[in-house]
Amino acid sequence: MIKAGYSAHRSMVLAVREAVALYLLDQNREEDIPKISECFSTVDNYRGDRIPIPIIIEEVDYLCSVLQDNYLGLKLHSLVNIESLPFYKAISDCVRPFTHTNNELPFLLVSRLVLRFFFLITESINLKIIPEKGLLRFDFVPNDPSLMNKHQIDGVMVLVYRIVETFCPNVLKKITVAQRNSTYELEYYQSIFGVPAEPADRTSLIYDLKCNNHYKNATGLLIKSEEELGRKFFINPLFNMLSTQFSGFSYKQRCQIVIETVIGMIPPTRIHVAESMNISVSTLQRRLDEEGTSFQEVLEETRKRLAKLYLTEKNLSTTDVAYLLGYKSHSQFFRVFKTWFGITPKTYQNNLIDRK
C-alpha cells in the first residue's frame, strides 16, 4: 500500500476540483457540480498544506466511477490552472533571471527543477530522469502500481508536460505509454501532446536535447547570465517550500537535493549549497557534523551515485557524464572515478554492457 506519510499539496487538490467544474461545464453537466462537490473531503481537516494520498485516491476513484470518461486524467489536468500552483510560481521565481537576458532558458535547468522538487506537488508518483544520447527521458513510476490507475498516471504526465512546455516549448520529441496500447488511444495521446505516442513497458516523456554538447552549453549559458545579471542562480523559492512542507528532512537529505539540482550548472560548493538553503556555511557544516557526516562526504556520495546511474543508461559518453557531474574536464572526472572504483569510467561502462 501507499505509505500513510505520502501526501499531495493542498493547491493541487483544489486545482483539480476546479478543473472538474470546468470539465462538467464543458460537458453541459453543470447541474452535477453541487452533487459531486458534496462528496469531496474537507481539506481544512488536515494540518498544514499536505493532504494524505489515500484520501486523494478515494476522491479520484469516485470521480472515475461517476464521470465514466476513458481519458479523464488527461482532460482534467489539461484544464488545471498551473499558474495557481505554488510549485509553478516557485519555478518561475527560480528562472526569472533569464527573462531579462537574451539567453535561451536551458532545458536542463528546468528539467532538474521539475525532477528534484515535483514531490512538493504529489508523492504518488516518482519522477526519474534518464539521460540518453541527445535525449532526456522523464519516467513516471507509481509508488504503488496496484493503487494507481491510468487516470492518475495520465494526470501527472500532462501536468509535468505543461509545466516544462511553459518554460521550454517545443522540446518534447515523443511519448511512450505503458497503461494503454490500442491505436485509437495512442492517437488521442498524440492529439494532447502533439508528438508521436508509442506503446512501451514504461510511461515516459522523451525530450530532444538538440545537440550532444547541450550539457556544456547549458553551463556556459548559466555562467554568462550570472555575469550579465551580477548575481547567482538560486533555487531558494523551491527550497523554502521544501523546508516548510517537509521539516523532518535531514540536512544530508536537503544537501543531496540541492546538489543534484545545481550540479553541472553551477559549482556545487559549500557556499552555493548553503545559500540555496538560506543558511550560513558554518551552520551547514555544524548541522551535517551533528548528523555524523560532512559536506564533502555528501557531495562525493551524490556524485558516485549519479555517475553509476549515468554510465548505466544508454551508453552516455564519459565526457557527457563529466559535465553532468560538474567536473571541469573529462580528465578530472577520469582521475576521481578511478579512485572511487579502481577502474576507468569507460571500463566500468563496458563491464555493464558485457553483463547484459
- Set of side-chain hydrogen bond (donor to acceptor under 3.5 Å, both in side chains) partners for Thr293, sequence neighbours left out: Glu297

- Output every pair passing salt bridge (Lys or Arg N to Asp or Glu O under 4.0 Å) with a member in residues 243-264, not counting sequence neighbours, ordered by first then second residue. Arg116-Glu260, Lys252-Glu301, Glu260-Arg305

- Query: Between Val110 and Val164, what is the shortest heavy-atom contact and its length?
  - Reply: CG1-CA, 4.4 Å

- Can you list every pair that meets salt bridge (Lys or Arg N to Asp or Glu O under 4.0 Å) and has a residue in residues 65-80, with sequence neighbours left out? Asp69-Lys75

- Is the backbone N or O of Tyr62 less than 3.5 Å from a side-chain atom of Ser65, with the two atoms forming a donor-acceptor pair by type? yes

- Query: Any side-chain heavy atom of Met241 within less than 4.5 Å of one from Pro86?
  - Reply: yes

- Message: According to ring-ring contact (aromatic ring centres under 6.0 Å, His included), who are the partners of Phe140, at least two apart in sequence or on a separate chain?
- Response: none

- Quick one: salt bridge (Lys or Arg N to Asp or Glu O under 4.0 Å) pairs with a partner in residues 22-31, sequence neighbours left out? Arg29-Asp32

- Measure the shortest side-chain to side-chain distance between Ser243 and Met277 over non-hydrogen atoms and say whether it is less than 4.5 angstrom. no

- Query: Can you pull the salt bridge (Lys or Arg N to Asp or Glu O under 4.0 Å) pairs that have at least one residue in residues 176-192, sequence neighbours excluded?
  - Reply: Asp154-Arg180, Arg180-Glu185

- Query: Considering all heavy atoms of both residues, which atom of Leu288 and which atom of Ser294 are nearest to each other, and what is their separation?
  - Reply: CD1-C, 3.9 Å

- Return yes if some donor-acceptor pair links the side-chain N/O of Thr176 with the main-chain N/O of Arg202 below 3.5 Å, else return no. yes

- Query: Which value, rounded to the nearest 0.5 Å, describes the distance between Ser276 atom OG and Leu242 atom CG?
  - Reply: 12.0 Å

- Closest non-hydrogen atom pair between Leu127 and Leu115, with its separation: O-CD1, 3.3 Å

- Below 4.5 Å, heavy atoms only, C-beta onward: do Thr261 and Phe117 meet side chain to side chain? yes

- Checking side chain to side chain contact (heavy atoms under 4.5 Å, CB included) for the pair Phe118/Val156: CA distance, chi angles, key distance, verdict? CA-CA 10 Å; Phe118 187 77; Val156 173; 3.6 Å; yes

- What residues, two or more places apart in sequence or in another chain, satisfy side-chain hydrogen bond (donor to acceptor under 3.5 Å, both in side chains) together with Ser282? Ser280

- Query: If you take all heavy atoms of Met157 and Thr203, which pair is closest and at what distance?
  - Reply: SD-CG2, 3.4 Å

- Message: Test of understanding: clusters of I, L, V, M, F, W, Y form through side-chain heavy atoms closer than 4.5 Å, transitively. Do Val177 and Val141 belong to the same one?
- Response: no

- Query: Would you call Arg96-Asp93 a salt bridge at under 4.0 Å N-O?
  - Reply: yes

- Could I get the full list of side-chain hydrogen bond (donor to acceptor under 3.5 Å, both in side chains) partners for Arg10, not counting sequence neighbours? Asp44

- Message: A quick test of your reading: do over 12 heavy atoms of other residues, nucleotides or ligands sit less than 6.0 Å from NZ of Lys304?
- Response: yes

- Decide side chain to side chain contact (heavy atoms under 4.5 Å, CB included) for Glu59 and Val16; before the verdict, give the C-alpha distance in whole Å, the side-chain angles of both, and the deciding distance to 0.1 Å. CA-CA 11 Å; Glu59 197 165 291; Val16 171; over 6 Å; no

- Note on the structure: For Ser250 and Gln253, the nearest pair of non-hydrogen atoms, with its separation, is N-OE1, 2.8 Å

- Task: Take Val95 and Leu113, measure what side chain to side chain contact (heavy atoms under 4.5 Å, CB included) needs, and give me the verdict at the end.
- Result: CA-CA 10 Å; Val95 303; Leu113 292 174; 4.0 Å; yes

- Query: Side chains of Val262 and Arg112: closer than 4.5 Å at any heavy-atom pair?
  - Reply: no

- Query: With sequence neighbours left out, what residues match Arg303 under salt bridge (Lys or Arg N to Asp or Glu O under 4.0 Å)?
  - Reply: none

Tell me which donor-acceptor pairs under 3.5 Å the side chains of residues 50-57 have, and how far apart each pair is, sequence neighbours excluded?
unit_1, atom_1, unit_2, atom_2, d
Arg50, NE, Ser7, OG, 2.9
Arg50, NH1, Leu120, O, 2.5
Arg50, NH1, Gln245, OE1, 2.4
Arg50, NH2, Ser7, O, 3.1
Arg50, NH2, Ser7, OG, 3.3
Arg50, NH2, Phe119, O, 3.2

- Supply the atom-to-atom distance Lys338 NZ to Arg335 CZ, rounded to the nearest 0.5 angstrom. 12.0 Å

- Tell me yes or no: between the side chains of Thr318 and Gln349, is some donor less than 3.5 Å from an acceptor? no

- Query: Between CD1 of Ile163 and CZ of Phe87, what distance do you get to the nearest 0.5 Å?
  - Reply: 5.0 Å

- In this structure, CG of Leu24 is separated from CD1 of Ile36 (nearest 0.5 Å) by 4.5 Å

- Message: Any heavy-atom pair between the side chains of Thr302 and Ile263 that's under 4.5 Å?
- Response: no

- Task: Find the distance between OG1 (Thr339) and CD (Glu300) and round it off to the nearest 0.5 Å.
- Result: 6.5 Å

- Message: Donor-acceptor check, side chain of Asn240 to backbone of Asn236, threshold 3.5 angstrom: yes or no?
- Response: yes

- Task: Please list all pairs passing the side-chain hydrogen bond (donor to acceptor under 3.5 Å, both in side chains) test where one or both residues lie in residues 76-92, with sequence neighbours left out.
- Result: none

- Are any non-hydrogen side-chain atoms of Tyr189 and Leu74 less than 4.5 angstrom apart? yes

- Item | Rounded distance [0.5 Å steps], CG in Asp320 versus CG in Leu311 | 10.5 Å

- Query: In terms of the angle between their ring planes, are Trp340 and Phe333 parallel, tilted or perpendicular, with boundaries placed at 30° and 60°?
  - Reply: perpendicular

- Message: Tell me every residue that passes ring-ring contact (aromatic ring centres under 6.0 Å, His included) with Phe193, counting only those two or more places apart in sequence or in another chain.
- Response: Tyr161

- Given Val13 and Phe40, is the side chain to side chain contact (heavy atoms under 4.5 Å, CB included) satisfied, shown in steps? CA-CA 10 Å; Val13 177; Phe40 292 150; over 6 Å; no

- For residues Leu172 and Ile206, report the shortest heavy-atom separation together with the two atoms involved. CD1-O, 3.5 Å

- Message: If hydrophobic clusters are built from ILVMFWY residues whose side chains come within less than 4.5 Å, do Phe334 and Val321 share one?
- Response: no

